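First comes the structure, then the notes that go with it.
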Amino acid sequence: MFFLRELTHTILLHPSYFGAQLEDYLKQKLYEDVEGTCSGKHGYIISVITISDIGEGKIIPSTGQARFKTTYTAIVMKPFKGEVVDGRVVNVNKMGFFAMVGPLQVFVSCHLTHSDMKFDPNASPQCYRSNDEIIQKDTKVRMQIVGCRVEANDIFAIGTIKKDFLGQIRED
């Protein structure tokens with residue numbers, strides 16, 4: 001789920017920022033550009049840990065901007081099929097529910113819930129209910145990822161709570 005990866009990023013810098021504070025501005029720009037973004041190849045970039053190298057700036061003749069190639073180490077989150085994760089339910093409807101696992105949105109279909117769990121549209125808020133569990137908005141749930149779809153700038157996951165020890169997490 002969480003990994004340390006060495007990544008690279010190219011920063012374009014306007015000439016007005018050239019000066020004594022150049023390196024500090026480059027670091028700040030790197031944090032702003034990459035933290036919180038998603039790369040289909042590497043996953044969600046959670047945080048930049050260290051900046052290994054800020055390359056020599058190359059001036060772009062047409063604009064006057066400088067291009068800096070930076071190398072950094074970051075904590076990334078990449079989900080895998082079969083992984084068990086904990087999340088918080090953000091939306092419930094008759095088709096299933098959506099839960100957030102950090103920046104990752106996981107959809108659990110009504111067909112991937114326990115067989116005795118039924119959708120209750122009359123409840124406020126709407127929920128899935130069984131004899132011993134209620135899953136509604138803001139409920140903490142433990143799910144197993146059964147599939148991931150990776151796009152260029154986003155990752156989507158499908159989960160299940162049909163197996164043993166999955167479902168609502170009780171806060172006793």
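Because the structure is predicted, anything quoted here is derived from the model rather than measured.
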Check your understanding: Which other residues end up in the same hydrophobic cluster as I169, if Ile, Leu, Val, Met, Phe, Trp and Tyr are linked when side-chain heavy atoms come under 4.5 Å apart?
Key -> none
Between side-chain atoms of residues 106-114 and protein atoms elsewhere (two or more places apart, or another chain), which donor-acceptor pairs fall under 3.5 Å?
from: S109; atom 1: OG; to: H111; atom 2: N; distance (Å): 3.2
from: T113; atom 1: OG1; to: C110; atom 2: O; distance (Å): 2.8
from: H114; atom 1: ND1; to: I161; atom 2: O; distance (Å): 3.4
from: H114; atom 1: NE2; to: I161; atom 2: O; distance (Å): 2.9
from: H114; atom 1: NE2; to: L166; atom 2: O; distance (Å): 3.3

Review point. Between L30 and I51, is a side chain to side chain contact (heavy atoms under 4.5 Å, CB included) present by the stated rule, with each step listed?
Key: CA-CA 9 Å; L30 176 69; I51 299 173; 3.7 Å; yes
Exercise for review: Mind checking side chain to side chain contact (heavy atoms under 4.5 Å, CB included) for C127 and listing every partner two or more places apart, or none if nothing turns up?
Suggested key: D120, A123, R129, I134, Q136
Point to revise | Exercise: identify the closest heavy-atom pair between V150 and G40 | key: CG1-O, 3.1 Å
Review point. Would you call V84 and M143 a side-chain contact if the rule is heavy atoms closer than 4.5 Å?
Key: no
Exercise for review: State plainly whether one hydrophobic cluster holds both V101 and I46, where clusters connect Ile, Leu, Val, Met, Phe, Trp and Tyr through side-chain heavy atoms under 4.5 angstrom apart.
Suggested key: yes
Check your understanding: What residues form a ring pair (Phe, Tyr, Trp, His ring centres under 6.0 Å) with Y31, not counting sequence neighbours?
Key -> none
Practice item. Only counting residues at least two apart or in another chain, list the ones meeting side chain to side chain contact (heavy atoms under 4.5 Å, CB included) with T63. Key: I60, Q65
**Study point:** Same apolar cluster: I45 and M1, side chain cutoff 4.5 Å
**Key:** no
**Study point:** Side-chain heavy-atom pair H9, L7 within 4.5 angstrom cut-off
**Key:** no
Practice item. Return each pair, listed once, that meets side-chain hydrogen bond (donor to acceptor under 3.5 Å, both in side chains) where at least one residue sits in residues 13-25; pairs must be two or more places apart or across chains. Key: H14-S16
Practice item. With side chain to side chain contact (heavy atoms under 4.5 Å, CB included) as the test, would you mind laying out the steps for M100 and R88 before giving the verdict? Key: CA-CA 5 Å; M100 295 303 291; R88 183 174 298 276; 5.6 Å; no
**Study point:** Gap separating the CD1 atom of I54 from the OG1 atom of T71, nearest 0.5 angstrom
**Key:** 9.5 Å
Check your understanding: For residues 2-12, which residue pairs qualify under salt bridge (Lys or Arg N to Asp or Glu O under 4.0 Å), counting only residues two or more places apart or in two chains?
Key -> none
Review point. Should V141 and L104 be counted in the same cluster of Ile, Leu, Val, Met, Phe, Trp and Tyr side chains packed under 4.5 Å apart?
Key: yes
Review point. At what distance, to the nearest 0.5 angstrom, does OG1 of T10 lie from NZ of K58?
Key: 11.5 Å
Review point. To the nearest 0.5 Å, how far apart are CD1 in I11 and NZ in K27?
Key: 11.0 Å
Point to revise | K78: side chain to side chain contact (heavy atoms under 4.5 Å, CB included) partners, not counting sequence neighbours | key: F3, F80
Exercise for review: Indicate yes or no: at least one non-hydrogen side-chain atom of V89 is less than 4.5 angstrom from one of I135.
Suggested key: yes
Exercise for review: May I have the step-by-step check of side chain to side chain contact (heavy atoms under 4.5 Å, CB included) for K140 and E171, ending in yes or no?
Suggested key: CA-CA 9 Å; K140 290 182 181 176; E171 297 178 31; 3.4 Å; yes
Review point. Does K118 reach the main-chain N or O of S115 with its side chain, forming a donor-acceptor pair under 3.5 Å?
Key: yes
Review point. Salt bridge (Lys or Arg N to Asp or Glu O under 4.0 Å): which pairs involve residues 31-43, sequence neighbours left out?
Key: K29-D33
Exercise for review: Would you mind reporting whether L4 and I75 have side-chain heavy atoms less than 4.5 Å apart?
Suggested key: yes
Exercise for review: Write out all pairs satisfying side-chain hydrogen bond (donor to acceptor under 3.5 Å, both in side chains) with one or both partners inside residues 141-153, taking only residues at least two apart or from two chains.
Suggested key: D86-R142, Q144-K163, R149-E151
Point to revise | Heavy-atom check, side chain of V90 versus side chain of D138, under 4.5 Å | key: no
Review point. Could you give the distance from CG (L13) to CZ (R67), rounded to the nearest 0.5 Å?
Key: 12.5 Å
Practice item. May I ask you to check whether over 12 heavy atoms, not counting those of M95, lie within 6.0 Å of atom CE? Key: no
Exercise for review: Please tell me if the side chains of D53 and T70 come closer than 4.5 Å, counting only heavy atoms from C-beta onward.
Suggested key: no
Check your understanding: Would V85 end up clustered with M77 when hydrophobic side chains under 4.5 Å apart are linked, directly or stepwise?
Key -> yes
Review point. For C148, which residues count as a side chain to side chain contact (heavy atoms under 4.5 Å, CB included) partner, sequence neighbours excluded?
Key: P79, I145, A157
Check your understanding: Would a 4.5 Å heavy-atom cut-off, applied to side chains only, mark E133 and M117 as touching?
Key -> yes
Study note, to complete from the structure: The side chain to side chain donor-acceptor pair (under 3.5 Å) partners of E56 (sequence neighbours excluded) come to none
Check your understanding: Tell me, do F98 and N93 make a side-chain contact under 4.5 Å, heavy atoms counted?
Key -> yes
Practice item. Please answer whether the main-chain N or O of K94 pairs with a side-chain N or O of Y128 as donor and acceptor at a distance below 3.5 Å. Key: yes
Check your understanding: Between K69 and T8, is a side chain to side chain contact (heavy atoms under 4.5 Å, CB included) present by the stated rule, with each step listed?
Key -> CA-CA 7 Å; K69 185 175 181 185; T8 59; 4.2 Å; yes
Practice item. Would you check if the side chain of Y44 reaches a backbone N or O of I155 as a donor-acceptor pair within less than 3.5 Å? Key: yes
Review point. To the nearest 0.5 Å, how far apart are NE2 in H42 and OG1 in T37?
Key: 10.5 Å
